[in-house]
Asks: 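A single structure is presented below for examination.
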Amino acid sequence: MTLPRDFYDRPTLDVARELLGAVLVHRHGSVVTSGVIVEVEAYIGESDPACHAARGRTTRNAPLYGAPGLSYVYLNYGIHSLVNAVTESEGHPAAVLIRALAPLDGMAIMRRRRLREMKGRRTASGGQLDDASLCRGPGNLTMAMGITLEEHQLDLSGVRLFVEPGGMPVREIAWGPRIGIRVGTEQPWRGWIAGHPAVSAHQRSG
DNA sequence: CGTTCGATGCACT
DNA sequence: GTGCATCGAACGT
């Protein structure tokens, strides 16, 4: 079962909460990668200074104003593709950023992609990557899953990049300030599964 | 613990 | 030209 389009046509914080514990799946040819969503952030409307729509509609952020249930992928810092799910009805720009996954399928290729990206660089751990680290962080998870700008504007209820509910039981959800932004930090719009080892940025408890 | 820094692409000013 | 919804290493305290 795949979450339908109208799942995303709702208040963004509701969508964000219910994405926790669901499974993000990427089919790239015959290669399938997936993982349980354990960390998300909500970006809601033009009044949210951290939302890409904060300064009105542009060609870049137009998909945020469009149909809910599509992917919104953009390149950040010239290096990382970040993947969002567009939420709320047309004309209401909002999205949920997927920040971390607990890997399920394709862990071998995830590890290969992550290590290839780190090639040439010295690593403190000698190039070790435990399972919980494969998709920890929004840039790391897209690297591991092979999500690029080619996955921009895909139907999340389709067959290539989609979400299935019920990946794991969610005992406790914690909420706190969003990470890595310079404005809008007063809103507790980062949600994560309390205590999960794949959550990024040291804040795993609530 | 903390801050700083380089790598890198694109949209916007 | 500036500014990022990043990452990991390096170095200071």
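Below, read A as the first sequence line, B as the second, and so on, with proteins coming before strands; counting in each chain starts at 1.
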Asks: Please state the P separation for the pair C:dT13 and B:dC5 - nearest whole angstrom.
Replies: 14 Å
Asks: Does A:I109 sit in a hydrophobic cluster with other residues, and if so which ones, taking ILVMFWY side chains as linked at heavy-atom separations under 4.5 Å, directly or through other members?
Replies: A:V31
Asks: Side chain to side chain donor-acceptor pair (under 3.5 Å) between A:Y43 and A:Q187: does it pass, once the steps are laid out?
Replies: CA-CA 10 Å; A:Y43 290 86; A:Q187 303 284 5; over 6 Å; no
Asks: For atom P, what is the distance between B:dT13 and C:dA5, given to the nearest Å?
Replies: 14 Å
Asks: Round to the nearest Å and state the distance from A:R114 atom CZ to C:dT6 atom P.
Replies: 15 Å
Asks: If I take atom CG in residue A:L82 and atom P in nucleotide C:dG3, what distance separates them, rounded to the nearest angstrom?
Replies: 20 Å
Asks: Does A:H52 have any side chain to side chain donor-acceptor pair (under 3.5 Å) partners at least two apart in sequence or in another chain, and if so, which?
Replies: A:Y72
Asks: Suppose we screen for side chain to side chain donor-acceptor pair (under 3.5 Å). Which residues come up paired with A:R17, at least two apart in sequence or across chains?
Replies: A:D14
Asks: Round to a whole Å and report the spacing from CZ of A:R178 to P of C:dC4.
Replies: 14 Å
Asks: Rounded to the nearest angstrom, tell me the gap between atom NE2 in A:H80 and atom P in C:dA5.
Replies: 14 Å
Asks: With sequence neighbours left out, write down each residue that passes side chain to side chain donor-acceptor pair (under 3.5 Å) with A:D48, or none if nothing qualifies.
Replies: A:R178
Asks: With a sphere of 6.0 Å drawn around CZ of A:R27, does it hold more than 12 non-hydrogen atoms of other residues, nucleotides or ligands?
Replies: no
Asks: Roughly, in whole Å, what's the span from CG in A:L129 to C1' in C:dG8?
Replies: 11 Å
Asks: Using a 3.5 Å limit on both pairing distances, list the dot-bracket string of DNA chain C from the 5' end; Watson-Crick and G-U wobble pairs count, crossing pairs take [ ], interstrand pairs take |.
Replies: ||||.|||||||.
Asks: With a 4.0 Å cut-off on heavy atoms, is A:R182 in touch with a base, just the backbone sugar-phosphate, or nothing at all?
Replies: sugar-phosphate
Asks: Sequence neighbours left out, what pairs pass salt bridge (charged side-chain N to carboxylate O under 4.0 Å, His left out) with at least one residue falling in residues 53-76 of chain A?
Replies: none
Asks: Could you name each residue pair satisfying salt bridge (charged side-chain N to carboxylate O under 4.0 Å, His left out) that touches residues 93-104 of chain A, not counting sequence neighbours?
Replies: A:E39-A:R99, A:E41-A:R99
Asks: Please measure how far the C1' atom in C:dA9 lies from the corresponding atom in B:dG9, and state the result in whole Å.
Replies: 22 Å
Asks: Can you check whether A:R57 has a side-chain N or O nearer than 4.0 Å to OP1 or OP2 of B:dC12?
Replies: no
Asks: Out of curiosity, A:C135 SG to A:L129 CG, how far, rounded to the nearest 0.5 Å?
Replies: 10.0 Å
Asks: Round to the nearest Å and state the distance from A:I44 atom CD1 to C:dA5 atom P.
Replies: 16 Å
Asks: Please report, rounded to the nearest Å, how far the C1' atom of B:dC12 is from the CZ atom of A:R55.
Replies: 8 Å
Asks: Quick one, which residues of residues 83-105 of chain A touch DNA chain C with a heavy atom under 4.0 Å?
Replies: A:N84, A:L97, A:R99
Asks: If you look only at pairs with a residue in residues 100-112 of chain A, which of them pass as a salt bridge (charged side-chain N to carboxylate O under 4.0 Å, His left out), with sequence neighbours excluded?
Replies: A:R111-A:D131
Asks: To the nearest Å, give me how far apart CZ (A:R116) and C1' (C:dG8) are.
Replies: 19 Å
Asks: Counting only pairs under 3.5 Å, give me each side-chain donor-acceptor contact of residues 155-164 of chain A, with atom names and distances, residues two or more places apart or in other chains.
Replies:
residue : atom : partner : partner atom : Å
A:D155  : OD1  : A:S157  : N            : 2.8
A:D155  : OD2  : A:R5    : NH1          : 3.3
A:S157  : OG   : A:L3    : O            : 2.8
A:S157  : OG   : A:R5    : N            : 3.1
A:R160  : NH2  : A:E151  : OE2          : 2.8

Asks: Each nucleotide N or O in nucleotides 8-11 of chain B that has a protein N or O under 3.5 Å away: list the pair and distance.
Replies:
residue : atom : partner : partner atom : Å
B:dT8   : O2   : A:Y77   : O            : 2.1
B:dG9   : O4'  : A:G78   : O            : 3.3
B:dG9   : N3   : A:G78   : N            : 3.4

Asks: Just jot down the side chain to side chain donor-acceptor pair (under 3.5 Å) partners of A:T12, sequence neighbours excluded, or say none.
Replies: A:T87, A:E88
